[in-house]
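Nothing fancy with the numbering, it's 1 onward along the sequence. When a ligand or atom number is given, it counts from 1 through the structure's own listing order. These numbers come from the heavy atoms of this one structure, side chains and all, not from hydrogens, waters or symmetry mates.
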Amino acid sequence: MGKAKVRKIHDQQLRTLLCFAIVAASIGVSSSGQPTSTQQARQALAALHPVDAHAHVFQSDPALTRMLEQWNLHIVNILVVDDKGPTRRPLDQQRADALAFIHSARGHASLCTTFDPFRLSQPDFPKTTIDQLNQDFANGAIAVKVWKNIGMELKDSHGHYVMVDDPRLRPIFQDIAAHDKTLIAHQAEPDVAWKPDPKAIDTSYYAEHPEWDMSKIPGAPSKAAVLASRDHLLAQNPRLRVVGAHLGSMESNVDLVAERLDRYPNFAIDTAARVPHLTIQPRAKVRAFLIKYQDRVLYGTDTDIMRKGDVNPSITDLQKQLAEDWRYFATADTFNYDGHMVPGLQLPLPVLRKLYHDNAVHWIPGLATGSVP
Ligand SMILES: [Zn+2]
């Protein structure tokens, strides 16, 4: 760690302390009945040095850097090998795009790398995969992502679905743990991918992406089987830190998440793209869950910014989402979230600090924003 970085961290600590009062004041405004503006949300959130622990950004643009600076936001930038998505580039190109963004973000982003699981049956798979990951770690990657194609798409040479606890993947997870890096695991999908429901939150996604609609794929594994393989991975690798993306794909009920958090001390979850699922569960129950498991939940958005195209609408969307999520987690406002009226959780400030910053730093060591002693 260079001197400049140490000084930056000290500055950050000082600014955090100075901003503490502003945060309390902003929350106070909303609790007294005034609606919380985006400006207030930004001010309150920026004081916490928020981390978006789950995003996919492949474009570098000064407007984006400016926005990250304004919100004091740090992004964990995640690579995904997706052989179905026409917009997702090959791994080497993605990595180059992601690193260019990280460089342009001036300390506001870190890399979560991945590997190509479709090479699984090649004899050199373990070695070349581990070599590639170690190269990424040497270049600053702080985590590794495994995606839903493991469990829901990838098949071996016998035509069997490959699960995340497959013995052929084990040396890779052992190597990640040996390097003290974190695994971000997105296994399974929302319930609606197996049980169509026109009223479900994510129904439109499966209309657009029938390739992930497991209810239409004969022989597809059940959601329970996919989650069981993830649980088995947790049990088999107690020294591997695992962050389960998207509420660990147990979005329908925080009790299911609590059960796993109780059982596996090496497991945490992120909220990426699943805050709407929290807002439709009973307020008191969700609030109690987030307070009880305040050390195990990381804030994330799942923002996706492609390499090409106008970045400004994405910046607007991201700011809107940050403000709305803050309003939900931090304030007592009752407001329209995603088409329905939602009462804010008004979580205590120490819990918000963990959700938005401390847990990311703890569960994904090496974040540029997170090396506070
Ligand atoms: Zn994602």
Side-chain angles (χ1 to χ4, degrees), residues 50-59 64 68 73-91 93-95 97-99 101-102 105 109-117 136 141-154 164 181-190 192-193 201-202 204-206 208-209 211-212 226-227 230 241-251 257 267-278 297-307 309 311 314-315 317-318 321-322 325 338 355 359-360 363-364 367:
V51 177
D52 179 348
H54 188 140
H56 312 276
V57 183
F58 302 100
Q59 189 174 153
L64 188 52
L68 297 175
L73 183 67
H74 191 95
I75 281 180
V76 178
N77 199 25
I78 301 176
L79 308 185
V80 175
V81 170
D82 176 3
D83 69 334
K84 294 186 174 192
T87 52
R88 205 62 82 190
R89 307 214 312 151
L91 184 53
Q93 293 170 26
Q94 266 191 63
R95 185 190 292 103
D97 295 339
L99 287 172
F101 158 69
I102 288 166
S110 305
L111 182 69
C112 170
T113 186
T114 192
F115 59 88
D116 182 354
D136 287 337
I142 55 173
V144 179
K145 168 84 168 258
V146 281
W147 200 46
K148 63 187 176 186
N149 48 20
I150 299 178
M152 294 175 67
E153 178 193 1
L154 178 64
V164 76
K181 304 299 179 191
T182 301
L183 183 72
I184 298 180
H186 172 180
Q187 265 56 57
E189 279 282 84
V192 69
I201 287 173
D202 304 297
S204 63
Y205 175 85
Y206 297 98
E208 286 164 32
H209 297 276
E211 70 274 21
W212 295 114
V226 178
L227 289 184
R230 190 273 319 276
R241 281 184 309 273
V242 179
V243 175
H246 313 301
L247 304 178
S249 293
M250 296 168 290
E251 71 293 332
V257 184
F267 191 46
I269 53 157
D270 78 37
T271 66
R274 299 294 181 270
V275 177
H277 294 266
L278 293 177
V297 184
L298 285 65
Y299 178 73
T301 63
D302 211 13
T303 291
D304 210 341
I305 303 181
M306 290 298 161
R307 177 167 159 266
V311 76
S314 302
I315 293 174
D317 288 351
L318 177 56
Q321 189 178 350
L322 291 168
D325 289 346
D338 214 29
L355 172 68
N359 292 344
W363 283 89
I364 315 177
L367 280 178

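- Residues His246 and His277 place their aromatic rings such that the two centres sit no closer than 6.0 Å.
- Note: Phe58 and His56 have parallel aromatic rings, judged against thresholds of 30 and 60 degrees for the angle between ring planes.
- In this pair, Trp212 and Trp147 present their aromatic rings perpendicular. The plane angle is above 60°, beyond the 30 to 60° band.
- Checked against Pro117 for a side chain to side chain contact (heavy atoms under 4.5 Å, CB included), the options Val164, Asn149, Val146 give a single hit: Asn149.
- Shortest distance from the Zn ion (ligand 1) to Asp302 is reached at OD1 (N/O/S atoms only).
- Minimum-distance N/O/S atom of His56 relative to the Zn ion (ligand 1): NE2.
- Metal site remark for the Zn ion (ligand 1): His246 contributes no N, O or S atom at a distance under 2.8 Å.
- For a distance bound of 2.8 Å, the N, O or S atoms of His186 include none lying that close to the Zn ion (ligand 1).
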